[in-house]
Amino acid sequence: MAATAAAAVAESQHAGTFWFPPQASTVAAASDRLWYAIYWLSVAGFIGVVIALAFFLVRYRNKGVRPAEDQTSHNTTLELTWTILPVFLVIAMFWFGLTGYIDMRTPPRGAYEIGVTGVKWNWTFTYPNGLKTKDLHVPVDRPVRLVMTSEDVIHSFFVPAFRVKMDVVPGRYNDMWFEATTPGNYRFTCTEYCGAKHWDMMGNVVVHERGGFESWLDQEESQLAGASPVEKGGKLFQTLGCVACHSVDGSPGLAPTLKAAFGRQESLTDGSKIVIDENYIRESVVNPAAKVVAGFNPIMPAYQGRVSDEDLTAIIQYIKSLSKG
Ligand code: CUA
């Protein structure tokens, strides 16, 4: 069973063509068909033009002086042909493009809804039961609608294997839908340059086998229910994206490391000194710009209204635990 799943994952990551990753959603095949049709039409057009060009070069090369009245000025049949034929080709491309676009923009009724939040430099996925994850988990053979927003700048959510992509914009909700057709792991990535760690805003879409998504959801929920505050805080530290800038092992990052941070004395940008305690951590999460440690830029987004008091307490307990042992 585990071996079959691993093989399926490996296959879904490596199958595909020269131009495309594997097709893993209901719209992928139609999208690729249109792309290949336009591609081969362009190749045929290019070859045709180059052959005609070479032929005319040789056939009508200057073999001596010709009188001006010999030269043809126009040919109505030829001009109508090269105008009308491309018009029909363009109409066909537009038609298939439009119908495909309408399909991709219209989520089926009863689609499973997952919230997506982009923030520098992390994605958080929120399920109907409140569970939050760093990777996107979805069921196979079921339409999923993503309701997406950003906490700071414009990001863009792209799943190449599904052939779907949508901008994620602060101050509004954008949506996008897909129906995964093959269980496995697929890469998603941010495709809007959003700052220093734009390259790091990627992760996996885990497409669960039939029934697997529901049991995964139950398992995550019961694990969370039985977790200690430190475990819960550690999980939030990952899903909220703190880990993108704050290391927990002492290695340098865009923000101070949280290894042995609790109880540490720090100098602030205004020259004053503080000792990191519960209140400083709390303030630095809800309003990070208030007291910035000297040598760092105030780049962290404010989490005011985004974390509950209970979650804040768990995060504080987790940071405290990094100062023990
Ligand atoms: Cu987010 Cu690039």
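Both counts, for ligands and for their atoms, begin at 1 and track the order of listing.
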Checklist entry - Who passes side chain to side chain contact (heavy atoms under 4.5 Å, CB included) against M166, sequence neighbours left out? => result R105, M148, N174, M176

Item to check | Contacts of atom 1 (Cu) of ligand 1 with protein N/O/S atoms, counting only those under 2.8 Å | outcome: H155 ND1, C190 SG, C194 SG, M201 SD

Between side-chain atoms of residues 284-295 and protein atoms elsewhere (two or more places apart, or another chain), which donor-acceptor pairs fall under 3.5 Å?
residue : atom : partner : partner atom : Å
S284    : OG   : Y280    : O            : 2.8
K291    : NZ   : E283    : OE1          : 3.0

Checklist entry - Taking the side chain as C-beta and beyond, is there a heavy-atom pair between I154 and P170 under 4.5 Å? => result yes

Checklist entry - Hey, does P229 have a side-chain heavy atom less than 4.5 Å from the side chain of E310? => result no

Next on the checklist: Any salt bridge linking K235 with D311? Criterion: basic side-chain nitrogen under 4.0 Å from a carboxylate oxygen.
Outcome noted: no

Next on the checklist: Checking W40 now: which residues fulfil side chain to side chain contact (heavy atoms under 4.5 Å, CB included) with it, not counting sequence neighbours?
Outcome noted: Y36, V43

